[in-house]
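Data first, discussion second: the structure below is written as structure tokens.
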Amino acid sequence: MSIGETLAEERQRAGLSVTQVSLQTRIRETVVRSMEADDFSACGGNFYARGHIRSISRVIGIDPEPLVAEFDAAHGGAPQPVSAVSAFEPEQPVAFRERRSPNWSAAMALALALVVIYGIVQVVGHGGGERRTARQVAGTPAPSTPSATPAPPQSSAPVAEAPRTKVEVRVEAKRTTWLNVQGDKGRPLFSGMIREGEQKSFSAKKKVRLVIGVGGSVNLIVNGKDLGSPGKGKGVQRLTFDRGDPESA
């Protein structure tokens, strides 16, 4: 039996319709029917075809690996294995804006200017008091006016931000693509298709790892900072973020 015939027969044996399989796997009915007819062109490529075979097999209750192996044998073989390091590191470095340090030179210049102004006010104030005293001695009463005390210079020291306690990543799909997300120690957070316009949020204590099927297909917001769409025009994107990103990246 071919792959498509096996999927169709096992679906019927499980008592499921094409519509039910489509709802549970989120694969369009037309794609499911094409796969059962051994037409995988509607899947969008071998990578997605393997994922569809696994998703449908799990729903109808069979082991997907023999079917995936048969698919690979008929369509050019399985993809080459990659190391653990390359699987979770970005193929291209993501550029982030560097965090600027406080401009202490400007702060010192401002403080010096305030000191000079304060000294001038004090000198002018004392000079006016001497003139008023001379006028009183000559018999001319001086008008009673309250002396103005200059306000002390305000501190412009920067306020330190509280350290983050977790990594937060939000994914906004610009078009339909495959997405795999893992948390600390490889804990799976999500694996499957994310549709155009769909949004998903993930968090972990230390690290969040993403594998995106097509570069530029999603918009990423990491720890509240919009990073745009990494890898536009490229293939699979593998990204890792921790609590210090994107400032320390």
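Because only heavy atoms are used, hydrogens play no part in the values below, and waters and symmetry mates are left out as well, while side chains stay in.
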| remark: P230 and G228 have their tightest heavy-atom pair at CD-O, 3.4 Å
| message | Within this structure, what is the CD-CZ distance for the pair E196 and R175, rounded to the nearest 0.5 Å? | response | 9.5 Å
| Any side-chain heavy-atom pair of R243 and K205 under 4.5 Å | no
| request: Establish whether I221 and V211 are linked, either directly or via other cluster members, by ILVMFWY side-chain heavy-atom contacts under 4.5 Å. | output: no
| query | Does a donor on one side chain sit under 3.5 Å from an acceptor on the other, for D226 and N219? | reply | yes
| message | Give me each pair satisfying salt bridge (Lys or Arg N to Asp or Glu O under 4.0 Å) with a member in residues 13-24, each pair once, sequence neighbours excluded. | response | E9-R13, E10-R13
| pair E29-T19: side-chain heavy atoms closer than 4.5 Å | yes
| Is the shortest heavy-atom distance from the side chain of Y48 to the side chain of V214 under 4.5 Å? | yes
| Pair L67-I62, side chain to side chain contact (heavy atoms under 4.5 Å, CB included): steps then yes or no | CA-CA 10 Å; L67 297 181; I62 63 174; 3.8 Å; yes
| message | R50 vs D72, test: side chain to side chain contact (heavy atoms under 4.5 Å, CB included). Steps then yes/no. | response | CA-CA 8 Å; R50 295 185 188 93; D72 290 335; 2.5 Å; yes
| remark: Between the CD1 atom in I53 and the CG atom in L7, the distance rounded to the nearest 0.5 Å is 6.5 Å
| task | Give, for atom CD1 of I56 and atom OG of S22, the distance between the pair rounded to the nearest 0.5 Å. | result | 9.0 Å
| query | Just wondering, are more than 12 heavy atoms of other shown residues or ligands nearer than 6.0 Å to CE in M1? | reply | yes
| message | Nearest 0.5 angstrom please: D63 CG to R58 CZ, how far? | response | 10.5 Å
| task | To the nearest 0.5 angstrom, please state how far the CE atom of M35 sits from the OG atom of S41. | result | 11.0 Å
| query | Of the non-hydrogen atoms in L16 and Q20, which two are nearest, and what is the gap between them? | reply | CA-OE1, 3.2 Å
| Backbone N/O of D245 and side chain of D242: donor-acceptor pair under 3.5 Å | yes
| Do the non-hydrogen side-chain atoms of F190 and V171 ever get within less than 4.5 Å of each other? | no
| said: I'd like to know if E168 pairs up with K166 as an ion pair, taking the criterion as any Lys NZ or Arg NE/NH1/NH2 lying under 4.0 Å from an Asp or Glu carboxylate oxygen. | reply: yes
| message | Assess the residue pair Q237 and V218 against the criterion (side chain to side chain contact (heavy atoms under 4.5 Å, CB included)); give the C-alpha distance rounded to whole Å, side-chain angles, the decisive distance to 0.1 Å, and a yes or no. | response | CA-CA 10 Å; Q237 297 295 300; V218 301; over 6 Å; no
| message | Assigning hydrophobic clusters by single linkage (Ile, Leu, Val, Met, Phe, Trp, Tyr; side-chain heavy-atom cutoff under 4.5 Å), is L23 placed with V18? | response | no
| request: Would you check, one step at a time, whether the test side chain to side chain contact (heavy atoms under 4.5 Å, CB included) holds for V167 with K207? | output: CA-CA 6 Å; V167 192; K207 287 188 178 182; 5.6 Å; no
| field | Which atom of D38 lies closest to which atom of G4, heavy atoms considered | value | OD1-N, 2.6 Å
| request: Any ring-ring contact (aromatic ring centres under 6.0 Å, His included) involving residues 14-44? Give me the pairs, sequence neighbours left out, ordered by first then second residue. | output: F40-F71, F40-H75
| Rounded to the nearest 0.5 Å, what separation is found between the CZ atom of R164 and the OG atom of S203? | 13.5 Å
| message | Taking the side chain as everything from C-beta on, heavy atoms only, tell me whether F241 gets closer than 4.5 Å to N223. | response | no
| field | Heavy-atom pair with the smallest gap, counting every atom of S201 and R170 | value | OG-CG, 3.4 Å
